[in-house]
Protein chains: 2
Amino acid sequence: MTETTTFREVMAEIVQRITEGPWGPGTLLPGEVELAEEFGCSRTTMNRALREVSELGFLDRKRKAGTRVRMAPIRQARFEMPVVRAEIEKTGAVYRYALVSREVVAAPDWLRARMGLKARARVVHLLCLHFSDGVAFQLEDRWINASALPQALEQDFSEAGPNEWLVATVPFSEVEISFLAAAADAVMVQHLDHALGDPVFCVERATWWQNAAVTLVTLAHRRDYRMTTRY
Amino acid sequence: MTETTTFREVMAEIVQRITEGPWGPGTLLPGEVELAEEFGCSRTTMNRALREVSELGFLDRKRKAGTRVRMAPIRQARFEMPVVRAEIEKTGAVYRYALVSREVVAAPDWLRARMGLKARARVVHLLCLHFSDGVAFQLEDRWINASALPQALEQDFSEAGPNEWLVATVPFSEVEISFLAAAADAVMVQHLDHALGDPVFCVERATWWQNAAVTLVTLAHRRDYRMTTRY
DNA sequence: ATGTTTATTATGTCTACACATAAGGAGTCG
DNA sequence: CGACTCCTTATGTGTAGACATAATAAACAT
């Protein structure tokens, strides 16, 4: 091996041995020291390589037990959750935002339960639309906990979407994301190109910050929308 | 600082400074050497910490340019794509598999176009059901390219699902995954607890290996299924 | 036989140092 | 003024060596 053996090369070789070579599912790999010797690199490098391969989902590492090839590689899909604006503009289309409605109300029971709000919590309820080249692309149904974020009461969200305001205001959060299929309701029918009961692809995102509920949003997408990733 | 400063502690402190402390979005961080000095650790450790924080999506690192706090943290959702069996058994329910139908046919045009198959390619078409505690959980509509995988013709898939056979047979693949909402068709109505036209959450997964199409599968889920992740 | 302690071992992480590499910036030259 | 070269600098990655930790396996006691 003439050139320097980088940990990436080692990774590649390991993956190859797993996927095509002698290390089938369930195989117990030799120890790091032995492998490092075979590959002509330091244990540090071998450790890095093995760690990253295991992060890819191929290996299962346990102290003392050793490194074992996963029976079924954990195939994890990564979906970047783009800001709608970026997602639309990436396609070359023109983005436009519109506020449909805004109201400040007492949190309904289902919302209180869902987000863990106190009784009589006040929330800002928004309906927004995101257009791609003039066509409704996404309907945003958002609730913001005004008890935790009183500044939300002063925002009117007529110019910019609440998402952009939120990411700039609330620094970091605990997030729960769900993907689901829902039946189009009256509101969706009115704003998106759907018929009543049509299947709608929805993303629901609940956000907390320091154990306080921040916001719950449901993003309903236009007809035939797909969320796709490759790897 | 009495106890050992592990790279995790350093990470935590860095994240805290980004989310709550002085390092707002866009901040240019001090160099690794300086930070290592401040935190009382080696540059190696600081490097590891910064690398992992940047993998979390908070930091943007470039040689010479330095380490900068991302304007909008890349909110990426990671969905582990579990084998159905594991997903069901994790909930404590009993898993059962059933083959609904199996046929070997010439690939229909839409499939040829979708997967890039040659004309007159033969495919194995399977319909399978995955039960959770006796209730239909997922309907699997799978096409396997028999031209690339002739072994598939000898499998009858009556005992074990094609997924488990495939992961054991085809080593590693290029995958494209889509999430979408579809309207329940006659087949789904028959096997899942759906009415015609009901919204169904579907996962579509196309797989290639060495530029040859391997399989295309659509997984239709039971009513009200959600795919959820937290971070 | 069964439960508890102890030794062993593979991975996890830290340190200090070195060289590689990419990219910004200064200086040079047409 | 613009294009080029070279230097500087921050991150990227490599080495060897050490100690920490978790989990298995063996030895021991009940």
Original post:
Quick one: do the B:Thr27 and B:Arg68 side chains pair a donor with an acceptor below 3.5 Å?
Top reply: no
Original post:
Are there more than 12 heavy atoms of other residues, nucleotides or ligands under 6.0 Å from atom CD of B:Gln151?
Top reply: yes
Original post:
Counting N and O atoms only, with roles assigned by atom type, does the side chain of B:Ser132 sit under 3.5 Å from a partner on the main chain of B:Val135, one being a donor and the other an acceptor?
Top reply: no
Original post:
Do any of residues 60-69 of chain B sit with a heavy atom less than 4.0 Å from DNA chain D, and if so which?
Top reply: B:Arg61, B:Lys62, B:Arg63, B:Lys64, B:Gly66, B:Thr67
**OP:** Please determine if a side-chain N or O atom of A:Thr6 lies less than 4.0 Å away from the OP1 or OP2 oxygen of D:dG14.
**Re:** yes
Original post:
Whole-Å distance between C:dA10 P and A:Leu28 CG?
Top reply: 10 Å
Subject >> Distance, rounded to the nearest Å, where A:Glu9 contributes CD and C:dA20 contributes C1' >> reply: 14 Å
Original post:
To the nearest Å, how far apart are A:Met46 CE and C:dT13 P?
Top reply: 18 Å
Subject >> Donor + acceptor pair across side chains of A:Thr67, A:Arg61 (<3.5 Å) >> reply: yes
All N/O pairs under 3.5 Å across the protein-nucleotides 16-18 of chain C interface:
{"unit_1": "C:dA16", "atom_1": "N6", "unit_2": "B:Thr44", "atom_2": "OG1", "d": "3.4"}
{"unit_1": "C:dA18", "atom_1": "N6", "unit_2": "B:Arg43", "atom_2": "NH2", "d": "3.3"}

**OP:** Check the surroundings of atom CD in B:Glu38: do more than 12 heavy atoms from other residues, nucleotides or ligands lie under 6.0 Å from it?
**Re:** yes
**OP:** Given ring pair (Phe, Tyr, Trp, His ring centres under 6.0 Å), test A:Phe137 with A:His130 step by step and report yes or no.
**Re:** CA-CA 6 Å; A:Phe137 176 86; A:His130 303 272; 8.5 Å; no
Subject >> N/O donor-acceptor pair under 3.5 Å between B:Asn145 side chain and B:Ala213 backbone >> reply: yes
Subject >> Interatomic distance, A:Glu32 CD vs C:dG12 P [rounded to whole Å] >> reply: 6 Å
Original post:
Hey, do the aromatic rings of B:Phe179 and B:Phe201 have their centres closer than 6.0 Å?
Top reply: yes
Subject >> Geometric cation-pi criterion, A:Arg96 with A:Phe131: 6.0 Å, 45° >> reply: yes
**OP:** Answer yes or no for A:Arg48 and A:Phe7: cation-pi contact, defined as NZ/CZ to six-membered ring centre under 6.0 Å and angle to ring axis within 45°.
**Re:** yes
**OP:** Output yes when a side-chain donor or acceptor of A:Thr6 lies under 3.5 Å from a complementary backbone atom of A:Arg8, and no otherwise.
**Re:** yes
Original post:
Rounded to the nearest Å, what distance is computed from the CZ atom of residue B:Phe7 to the P atom of nucleotide D:dT21?
Top reply: 14 Å
Original post:
Can you tell me how far C1' of D:dT11 sits from CD of B:Glu55, to the nearest Å?
Top reply: 14 Å
Original post:
Hey, can you pull the residues of residues 47-54 of chain A with a non-hydrogen atom under 4.0 angstrom from DNA chain C?
Top reply: A:Asn47
**OP:** Take the protein atom CG of B:Leu59 and the nucleotide atom P of D:dG12, then report the distance between them rounded to whole Å.
**Re:** 11 Å
